[in-house]
Each structure stands twice: as structure tokens, then as C-alpha cells.
Amino acid sequence: MQQEKLEKYRPYPPVRLTDRTWPDRTITRAPIWCSVDLRDGNQALVQPMNLEEKLEMFQLLTRIGFAEIEVGFPSASQIEYDFLRLLIDGKHIPAKVVPQVLTQARGHLIEKTFAALRGAPEAIVHLYNSTSTLQRDVVFKKGRKEIIALGVAGARTIREQAERTDMNIRYEYSPESFTGTELDFALEICEAIMDVWEPTPDHPVIINLPATVEMSTPNIYADQIEWFCRHMRNRDHAIISLHAHNDRGEAVAATELALMAGADRVEGTLFGNGERTGNVDIVTLALNMFSQGVDPNLDFSRINRVINVYERCTKMQVHPRHPYAGELVYTAFSGSHQDAINKGMTALELTQSGLWEVPYLPIDPQDVGRTYESIIRINSQSGKGGVAYIMDHEFGFKLPKDMHPGFGRVVQEVSDALGDELTPEMVFHTFEKEYLLNSNGYGLQSFHVLKRHFERDEENSAAEIEAEVVVKGEKKTIRAAGNGPLDAFCAALRDELGLQFVLHSYHEHALARGSSSKAVSYIEILDHDNESWWGAGVDTDIIVASIKSLLSALNRSAGKTKREK
């Protein structure tokens, strides 16, 4: 950057807190959550929600488990006022959910706020006024005492209104732009407000300390919160609340560290929707806790439903790479990632430890209502592990490990030629074309076991077979004997058709359960040049499946492709 541009900025001052304790703490329980989707989130939309959309969003938030929801700024606009009346008059507020409303420290706005609340059994009235140095100097042109007087006057009006009603009114105060306010002044004005409201440990106030603009690294926000909690009079008379914005892209980290520093409550939005770069993302915060074995007390087990309602109501899109929720976050395209996930999923099935330990997947996708179908997706960057995973988890084909590289390269060639991602169906079609339907030279018309002899030891067992095969378009009948049907068929191919090959590896498994299920066989041969070729065959009869598999390998050898086998 040019020096003259850099000179416009200065570093944010650190907090003098040499004995900070938050770095040694961890998050062991969920905070009190408050959604501000219907206020902070709504005001940030290009097209704010209408009443129907607001109601649908509110109902989603209650299903998720929010017990406190800031429903709007009823004195600011008619639709905000009407929505609160809709919730109250329509009895849409569940018994354990408390609506929260925002108001500035101005008498007539506070009066209109209480009018809008009429009939609600309980509510949080959230008072704010800006306290930052910059806003005091530039916007309001007022000193500290004048700003305190403004906040205190608003607090008195709210208390007077609350005492005139039979509603259970809880108080909240925000020194707006807390992170741009001197810590001693933020503490002074908050304590002045508390002196008016006279909270107790049984009836605490909410002191919300917003990073209205994210101005520093997350550790400094944590230091500010710890300093504030340490120096506050009657700390047990207040619930310390966080309200982080994401201007630096660090709101989640800042909130997590601030919780470790002593905060009790978090205000935020689904997927971080909010002014400028957004509010703190409660979905990410909650699922971060979940991934550490901490119950977030919010239900995101059906994340797609949450996404659908959110996108419909806000007209916003959840980014494909959004943590936990994005379309692609449980997807691996990289070959090495796919291989590790494939092996991790296999190990998980074998160990049955109950612990989620799969490379590259911090949580089980099923825990948020996703399926394993989208974990691995195939494009030109994909490798053998990903292709094997798709064949196994989508179609039940457990390809032998030595078969993975060859088929992986077959798929990669198809993806390169297409220049796009391959769907699972396209991967299977490639497998089918390359292995199951390959007819470069040999085809099976019929196969019969004429006679089998079973002795006490397997070495003395024998079989005689007859098969009708197609060799380059010509039907031929071949017969031979061997120590089993497959060995006899190999002998017939060598003796009667003059083929030169060695049967090198053999694998088989059922594709599905039940007496009518099909079986799949995989065979590796070494041809006359000692090159390795894999084939695959499927049939309801495992013997016929193995015959088809052998012919598949021979057909691939006859084609003599240059790719690895």
C-alpha cells in the first residue's frame, strides 16, 4: 500500500490488563441467546420483510429455541409497530419467549414503545444512546456529562412507564459504539443508568456492550469485557451482553473470547445478516460450541429448513462456503481430502467408538440434517479415494483398494473432457461403461456348470463347464474342467481360444441383502505382457458374476488403453 494511504490510519490502543485471565478459560456452557434478526437483521435488508415474512421468521426463531427475540423498533416505523401488535393480539408469542424492543433515549419514542407493548405479559425494553468519542465530537457535539444526562433521562422515562403498567418489564442498556468509547466512560454511564433502574441479583439489568463497529482484534474486545466486568460495581446485578459486528471478519472469534472473558449473553443473527459486513453469526457460534461437546441450547438439527426460511424471508443467500450451513461445506473435491474422508468413514464404522473422528469434517453432517451424499463430489481435482467413496456410499460397490487408482484415472479423464463436476450418477455410468458393459472382444451368451465333484479337501474338488461366448462378433462354445467353475472357464479360454493371462486377484461381495440380491465380483488379471487389468461383473449368481468380471478384465486388456489399469 502507498505510504500516504497508510498514514490515514492508526492502530487501535490495547487495554492495559497485564493479569488477564480469559486466555486460560474455555466455553463450557451456552450463553443466553437473543436473536436480533427482526431488528438489526431486518434493517440491513435491501427489501425489508413484510408482516408475513416477519411472522414466519419469528416462528422459525422460536422453533430453533430463542427465548429472547428483539422484534423491532416499534417507535421508528408503522410496520415495526404493527408487527409487535400482530404478535401480541394474535397470541403468537410462546409462553417462554420474551420479546425485546429497541428505543432511543427520547421521551416520545419511549412512550410510543410502551403503547406498542400494551397487553404483553413480559418484555425487554432496550435503551441505547451513542457514547463513542467520535460520535460525541462529530455527530452530537456533546461532552461526557451531556451524554450521561441523555441516557439517564431515557432510563428514568422507561422506569416511569414500566411502573404504570402491569407488564413485567426487564431493562437493557447499550452504550452504542462501546468499542469506540473510553472504558472508564462506558463504565460510568452504565453505572449511572443502573442507579436509575436499581437492579438486584434476582432482577438484573442487561448491560449490552456492542462492537457496533469492529475496530480491533478479538483479544482486545475480550480485554475490554474482562476489564469492564472487573471494575463494575455490583457485577451480580447485571447480565453482561455482547453484540459484535463483523467489519474485520472476526465477530465470531471476538464473541467467543469475550464469553471466556466473563460475558453472559449474546445478541446476533442467523448467518450473520446485519449492517455492512453483518452481525455475529449465531449459527456458527452455536455449532462451534456443539463441535466441542457443549450443548448450545439451540436446535440446528434441520439446517436446510432454517436456510430455506431465512432465504425466503430475507431474499439473501447463504454462501456455499458458509460454516456448517453452506451447500459445499461438507464436500471435498480434492483427491487427498477425499481419500482421507473415505478412510475416516470406514474406520468410524469399524471402531464404533461413538466419537466423531473423520478427517476434514469437524461435525457429523447428519447432526444438522445433512446426508453423506454430498460429502464427496467429483471433478478434475478429485482422486481415487473420492471416486471409491461415491461408488461405495452411493451404489454399494466396494472396489478393491488396488482397483482405485485405475478407475480414478478413468473418471478424471471424463471430468477433464467435460470440464465440469460429475454427479454420482455420471460416475456410476462411467464405471458401468468401462467395466460392466465393455465389449471390446468378448461377451458371455450362456454359462453352465455341467458337473461338480466335492471331496473332503478342496484340492480334490473339480468342475466341468460349458459356455457360449462371443469372440469379436462370432459365437463359440467352449468346454473345460478345473478345480472350480472359474478355474475351468479360465482353462477353456486358454485351451480353446488361445488367450494368455494369469488370474491375479479376486474379490466379491453382495450389493444388497436378501435372497434375490445381486453380487459383484472384481478380478485382476496379468495379460501376456504382464500388465495388470481389473474387471467387474454383476449377477444374481456369484459364479456368473465372476465369469463376467474375468471377461471385463480381458476386454479392457484387449482395448489396450494407455491409462493405468
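Scope of the values below: all heavy atoms of this structure, side chains included, with no hydrogens, waters or symmetry mates.
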To check you understand the geometry: which heavy-atom pair defines the closest contact between [X] and [Y], and what is its length?
X: W356; Y: P362; answer: CD1-O, 3.8 Å
X: M316; Y: N273; answer: CE-OD1, 3.8 Å
X: H245; Y: D40; answer: NE2-OD2, 3.5 Å
X: L551; Y: G443; answer: CD1-C, 4.1 Å
X: P485; Y: I543; answer: CB-CG2, 3.7 Å
X: L399; Y: F407; answer: CD1-CD2, 3.7 Å

Can you establish whether the number of heavy atoms outside [X] located under 6.0 Å from its atom [atom1] is more than 12?
X: K315; atom1: NZ; value: yes
X: H429; atom1: NE2; value: no
X: H504; atom1: NE2; value: no

Keeping the roles fixed (side chain from [X], backbone from [Y]), state whether a donor-acceptor pair exists under 3.5 Å.
X: K476; Y: V469; answer: no
X: T284; Y: D281; answer: no
X: R370; Y: A325; answer: yes
X: N438; Y: S552; answer: no
X: T255; Y: A251; answer: yes
X: H509; Y: K398; answer: yes
X: D529; Y: E531; answer: no
X: T277; Y: N246; answer: yes
X: D527; Y: N530; answer: yes
X: S557; Y: A553; answer: no

Spacing of [atom1] belonging to [X] relative to [atom2] belonging to [Y], to within rounding of 0.5 Å:
X: F395; Y: L511; atom1: CZ; atom2: CG; answer: 11.5 Å
X: E250; Y: E256; atom1: CD; atom2: CD; answer: 12.0 Å
X: D364; Y: S291; atom1: CG; atom2: OG; answer: 12.5 Å
X: Q59; Y: C313; atom1: CD; atom2: SG; answer: 9.5 Å
X: N555; Y: E434; atom1: CG; atom2: CD; answer: 10.5 Å
X: I525; Y: L503; atom1: CD1; atom2: CG; answer: 8.5 Å

Examine the side chains of [X] and [Y] and answer whether a donor and an acceptor come within less than 3.5 Å of each other.
X: Y522; Y: E524; answer: no
X: D223; Y: W22; answer: yes
X: H243; Y: E267; answer: yes

Test item: [X] and [Y] side chains (from C-beta on) under 4.5 Å apart, heavy atoms:
X: F58; Y: V97; result: yes
X: S549; Y: Y435; result: no
X: F431; Y: L436; result: yes
X: W533; Y: L554; result: no
X: L355; Y: L348; result: no
X: F397; Y: V538; result: yes
X: V427; Y: T430; result: no
X: S216; Y: T179; result: no

Report, one line per pair, each donor and acceptor closer than 3.5 Å where one atom sits in a side chain of residues 30-39; sequence neighbours left out.
| from | atom 1 | to | atom 2 | distance (Å) |
| --- | --- | --- | --- | --- |
| W33 | NE1 | P296 | O | 2.8 |
| S35 | OG | D37 | N | 3.2 |
| S35 | OG | D37 | OD1 | 2.6 |
| D37 | OD1 | L270 | N | 3.3 |
| D37 | OD2 | L270 | N | 2.9 |
| R39 | NE | E70 | OE2 | 2.7 |
| R39 | NH2 | E70 | OE2 | 3.1 |

For this session: Take R479 and E464, measure what salt bridge (charged side-chain N to carboxylate O under 4.0 Å, His left out) needs, and give me the verdict at the end.
Result: CA-CA 7 Å; R479 298 180 183 86; E464 298 176 21; over 6 Å; no
For this session: Determine, for R248 against E214, whether the closest basic-nitrogen to carboxylate-oxygen distance falls under 4.0 angstrom.
Result: no
Problem set entry | D539 bridged to K518 by N-O distance under 4.0 Å | no
For this session: Determine, stepwise, if the pair M345 / Y389 fulfils side chain to side chain contact (heavy atoms under 4.5 Å, CB included).
Result: CA-CA 9 Å; M345 297 291 285; Y389 179 94; 3.9 Å; yes
Problem set entry | Parallel, tilted or perpendicular: rings of F489 and F447 (30°, 60°) | perpendicular
Problem set entry | Output field: ring centroids H322/F271 closer than 6.0 Å | yes
Problem set entry | Y324 ring center within less than 6.0 Å of F290 ring center | no
For this session: Dump the intermediate steps for salt bridge (charged side-chain N to carboxylate O under 4.0 Å, His left out) on D247 and R276, then the final yes or no.
Result: CA-CA 7 Å; D247 300 87; R276 305 180 311 279; 2.7 Å; yes
For this session: Evaluate the salt bridge (charged side-chain N to carboxylate O under 4.0 Å, His left out) criterion for residues R265 and E68: first the C-alpha distance (whole Å), next the side-chain angles of each, then the deciding distance (0.1 Å), finally the verdict.
Result: CA-CA 10 Å; R265 182 178 184 266; E68 298 177 3; 2.8 Å; yes
Exercise. Can you list the steps and then say if I27 with M260 is a side chain to side chain contact (heavy atoms under 4.5 Å, CB included)?
Worked result: CA-CA 6 Å; I27 297 173; M260 291 157 58; 3.9 Å; yes
For this session: Output, in order, the C-alpha distance, side-chain angles, deciding distance and verdict of side chain to side chain contact (heavy atoms under 4.5 Å, CB included) for I523 and L486.
Result: CA-CA 11 Å; I523 283 179; L486 179 59; 4.0 Å; yes
Problem set entry | Step-by-step salt bridge (charged side-chain N to carboxylate O under 4.0 Å, His left out) determination, E226 to R20 | CA-CA 7 Å; E226 182 164 340; R20 60 183 60 84; over 6 Å; no
For this session: Kindly determine whether Y330 and V368 satisfy side chain to side chain contact (heavy atoms under 4.5 Å, CB included), including the steps that lead there.
Result: CA-CA 11 Å; Y330 303 110; V368 291; 3.5 Å; yes
